[in-house]
Amino acid sequence: MSALIIDGKKLAEDLRAEIRKRVCLCVEKGITPGLAVILVGEDPASVSYVSGKEKACAEAGMASFERKLPADATETELVALIEGFNADPAVHGILVQLPLPAHIDEGKVIGAIHPEKDVDGFTPVNIGRMIIGERCFLPCTPHGVIKLIERAGVKTKGAHAVIVGRSNIVGKPLMNLLVRKELNATVTVCHTGTVDLAGHTRRADILIACAGRPGLLTADMVKPGACVIDVGVNRVEDPKAARGYRLVGDVDFRGVSAVAGSITPVPGGVGPMTITMLLYNTLESAEYAAASPAAVKR
Ligand code: GUN
């Protein structure tokens, strides 16, 4: 068997074309959706993600406001910057690229972002709203994963979804989205404390790898016909590659695609969807501001 490759790049392009049209309508009403991106330090992966986000904003017709702070910036400086963006009507979304340097309290910084501009969906207010099913910004990667599962035509109702990884950014929000009534999956979350990982993954109709460990899931751990979503983005050294490394996921793509029913590649699967859902959230925030300017006075 050879799995259907779920093309995240193509789905992202389709959605971005729709976003561009809605951005034009916003601009006609005098509001250009704007995203503020804050980067602290020079972690190469973070630098690359941030430049990808800026490029995507420009292509979608959105404004982006980038602030780069040195790795030794203080928490106070960072919170002051966020408060400035909270009060700026040209900014509809604020993103602080994670991880932050160890001396900065991530919770305090994320908590300083106004929930109505929290387009990452990381603030406690938005996480709470997501869990109880209230209107909120959904975290971009989990939201993109759900879109990919839907695009693959995979039924979630009654399916057994197994998530490998319990991060606040991916694993935990995915668990919450998949158990919602409208998706109605039964969810198992595996993590470093799980006994017999393969025993769980082999029972998955939908298997989502978000552990950040290259090649963690191999063909013998996958149920034939399962939908496999690989959220991992790992740099592995490769002297033959132009940059000296290549990107691989958490799934042994070659082996698993011979067993799975559908699978996302790395790159070209979940990655392009994350940025797309960020644009989507920023657009929604700007549309809300356009519809009810008084409601967004901070
Ligand atoms: N670092 C890795 N993924 C993300 C993300 O989705 N948002 C932010 N802000 N930082 C990240």
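Read the numbers this way: they start at 1 and go in the same order the structure lists the ligands and their atoms.
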Heavy-atom neighbours of E237 CD exceed 12 at 6.0 Å: no
Proximal candidate to atom 2 (C) of ligand 1 [heavy atom criterion; set V231, L39, L98]: L98
Main-chain N/O of V50 paired with Q97 side-chain donor or acceptor, under 3.5 Å: no
Contact atoms of ligand 1, heavy-atom distance to L95 under 4.0 Å: 9 (N)
F122, portion touching ligand 1 at heavy-atom distance under 4.0 Å: side chain
Proximal atoms of ligand 1 relative to V96 (non-hydrogen, under 4.0 Å): 8 (C), 9 (N)
Under-4.0 Å heavy-atom contact with ligand 1, by part of L278 that carries it: neither
Nearest non-hydrogen protein atom, atom 9 (N) of ligand 1: D120 OD2, 2.6 Å
Atom 3 (N) of ligand 1: the protein heavy-atom neighbour that sits closest, reported with distance to 0.1 Å: I169 CD1, 4.4 Å
L216: which of D252, V251, L197 passes side-chain contact (heavy atoms from CB on, under 4.5 Å): L197
Exercise: do H160 and T188 side chains pair donor with acceptor under 3.5 Å: yes
Enclosure of R166 CZ (heavy-atom neighbours >12, cutoff 6.0 Å): yes
Co-membership, hydrophobic cluster, residues I169 and M277, 4.5 Å side-chain: yes
Atom 11 (C) of ligand 1: the protein heavy-atom neighbour that sits closest, reported with distance to 0.1 Å: Q97 NE2, 3.5 Å
